[in-house]
Amino acid sequence: MSAPDLPVHLDVAMPEEEITRLYLALIHDPAATRESLVAAGISAAQVDLGLQILTHRGLAEVDDDGAISIPPPEGALAAYTAEVERQLRRVRASAPQLGLIHRRVRALEDARTNPLRASTLDSLAEIRSASIAVVAGAERSILAMRAYGERSIQLLTSPLVDHDSPTLDSAGQPLRYLAVYDSRLLELDDALQTLRRRQASGEDVRIAEDVPFSAIVVDGLQAVVDLTNIEPSGAGSVSLWDSPLITGIGNLVERLHARSLPLPAVDLDVDGELYSQRDQTILTLLAAGASDANVARQLGVSVRTVERRVRVVMERLGAQSRLQAGVEAVRRGLV
């Protein structure tokens, strides 16, 4: 007997443990009937629904006279698993399109009720919640700039393991993720280690002086503007969607990122001289405005070690001052 089409809602209307209980009862009693199953304590409704589900999965066969037989499960389970995986792939593939439709419909409604397409965020908790929500819906890109404010501090002082997972789209592919951090954030304990973890997870991390405010732009469609560097409470911050302002903020992040200093990822051989990742990091942090003491704290070395390495690198670059060393390091592609 061929398996009838089973409405999707029926397959989730019965707990999996009840389906398993019915299936085991049928295996242990090859002569089982609907009536004997009901007599064994399984309700008639559960027997009827469970048999529909098991038949649909190929794990049971019910003849026209009501006789129940149980075929070997290996092939049926493999076929059923493959079908579930196909359905999951279809659902994942449709997620971006459904999300786009949802945003467009929402945008039309918002345009009628909220012409500015903006909502105010009045606390750190609201900024955090809005930021997490927009990042979770990202499908193409995330552009971020993080000023020295309460939300950025909260982010960089969260447990290190929170920064290890890459940000993926609905199909499980890595997103384009550009991020610029204010150099003053390097005053935080373990900030450099945190940024390196974020870099390793796929974030293109760069350092700049005096980032004006914090913002996250997702897919060019949504943004969160965080003003906790100006007002620690978060008052005045906003969430934006389908607003012309988003394009402007996104362009600002792109330009700032292009002009900022990347964190070194590997040792570099320049003109026959090997510059270690640590030397490059020292130059990068100093060029971004960090003090010797700050650099020493981030690298876990003494200030004297930093001063000594700066002198060594200056000599190798033929520089007479730190400013000249920074210029020469940029020219040679060290920072």
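- Linking Ile, Leu, Val, Met, Phe, Trp and Tyr whenever their side-chain heavy atoms come within less than 4.5 Å leaves L155 and I132 in two separate clusters.
- Considering only heavy atoms from C-beta on, D164 comes within 4.5 Å of V161 through its side chain.
- A pairwise comparison of heavy atoms in G250 and L143 identifies O-CD1, 3.8 Å as the closest pair.
- Contact record, H163 with S158: NE2-OG, 2.9 Å, taken as the closest heavy-atom pair.
- In this structure, I127 belongs to a hydrophobic cluster whose other members, linked by side-chain heavy atoms under 4.5 Å apart, are L121, V134, V135, I142, L175, Y177, I216, V218, V224.
- Residues D189 and R297 have side chains in contact (heavy-atom distance under 4.5 Å, counting atoms from C-beta outward).
- Judged by distance alone, the side chains of Q193 and R196 never bring a donor and an acceptor atom under 3.5 Å apart.
- Among V295, L156, N294, the one residue that satisfies the side chain to side chain contact (heavy atoms under 4.5 Å, CB included) test with L186 is N294.
- Taking every heavy atom of both residues into account, A60 and I70 meet most closely at CB-CD1, 3.9 Å.
- D169 has its side chain within reach of Q173: a pair of non-hydrogen atoms, C-beta onward, lies under 4.5 Å apart.
- The shortest side-chain heavy-atom distance between L185 and Y148 falls under the 4.5 Å cut-off.
- When L261, T194, L195 are each tested for a side chain to side chain contact (heavy atoms under 4.5 Å, CB included) with V205, only one passes: L195.
- Of the inter-residue distances, the one linking L37 atom CG with I68 atom CD1 reads 5.5 Å to the nearest 0.5 angstrom.
- Counting heavy atoms from C-beta outward, V225 and L245 have side chains that stay 4.5 Å or more apart.
- Taking all atoms of both residues into account, the shortest heavy-atom contact from R146 to S152 is CB-OG, 3.4 Å.
- Between L26 and L54 the shortest side-chain heavy-atom distance falls below 4.5 Å.
- The OG atom of S239 sits 7.0 Å away from atom CD of Q222, with the distance rounded to the nearest 0.5 Å.
- A side-chain donor-acceptor contact under 3.5 Å links Y181 and R198.
- Judged by distance alone, with hydrogens and angles left aside, the side-chain atoms of D65 form a donor-acceptor pair with the main-chain N or O of A67 at under 3.5 Å.
- Taking the charged nitrogens against the carboxylate oxygens, D48 and R34 do have a contact shorter than 4.0 Å, which makes a salt bridge.
- Atoms CG and CD1, from D226 and I230 in turn, are 9.5 Å apart once rounded to the nearest 0.5 Å.
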Problem set entry | Residue pair L227, S237: steps toward the side chain to side chain contact (heavy atoms under 4.5 Å, CB included) verdict | CA-CA 5 Å; L227 300 180; S237 301; 3.8 Å; yes

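- Without hydrogens or angle criteria, S243 side chain to R117 main chain gives no donor-acceptor distance under 3.5 Å.
- Taking CZ of R308 as the reference point, atom OG of S302 lies at 6.5 Å (rounded to 0.5 Å).
- In this structure, the side chains of I19 and R57 come closer than 4.5 Å at one or more pairs of heavy atoms.
- Distance check, rounded to the nearest 0.5 Å: CG of L256 to CG of N251 gives 12.5 Å.
- The minimum heavy-atom distance linking G236 with D122 is given by the pair N-OD1, 4.3 Å.
- Hydrophobic cluster membership differs between L168 and L221, with clusters built from Ile, Leu, Val, Met, Phe, Trp and Tyr side chains linked at under 4.5 angstrom.
- Heavy atoms from other residues, nucleotides or ligands lying under 6.0 Å from CZ of R197 number more than 12.
- Between the side chain of T55 and the backbone N or O of L51, at least one donor-acceptor pair lies under 3.5 Å.
- How far CZ of R206 is from CE of M145: 16.0 Å, rounded to the nearest 0.5 Å.
- Grouping the Ile, Leu, Val, Met, Phe, Trp and Tyr side chains by contacts below 4.5 angstrom, directly or via other members, places I153 apart from L124.
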Exercise. Could you walk me through whether E254 and L178 pass the side chain to side chain contact (heavy atoms under 4.5 Å, CB included) check?
Worked result: CA-CA 8 Å; E254 294 261 19; L178 307 184; 3.6 Å; yes

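- Contact detail for G41 and R21: the closest heavy-atom pair is O-NH2, 3.9 Å.
- Taking 4.5 Å as the limit, some side-chain heavy atom of F213 sits within range of a side-chain heavy atom of L252.
- Classification of E307 and R304 as a salt-bridged pair fails, no side-chain N sitting under 4.0 Å from a carboxylate O.
- The hydrophobic cluster containing V303 does not contain V312, counting ILVMFWY residues as joined when their side-chain heavy atoms lie under 4.5 angstrom apart, directly or transitively.
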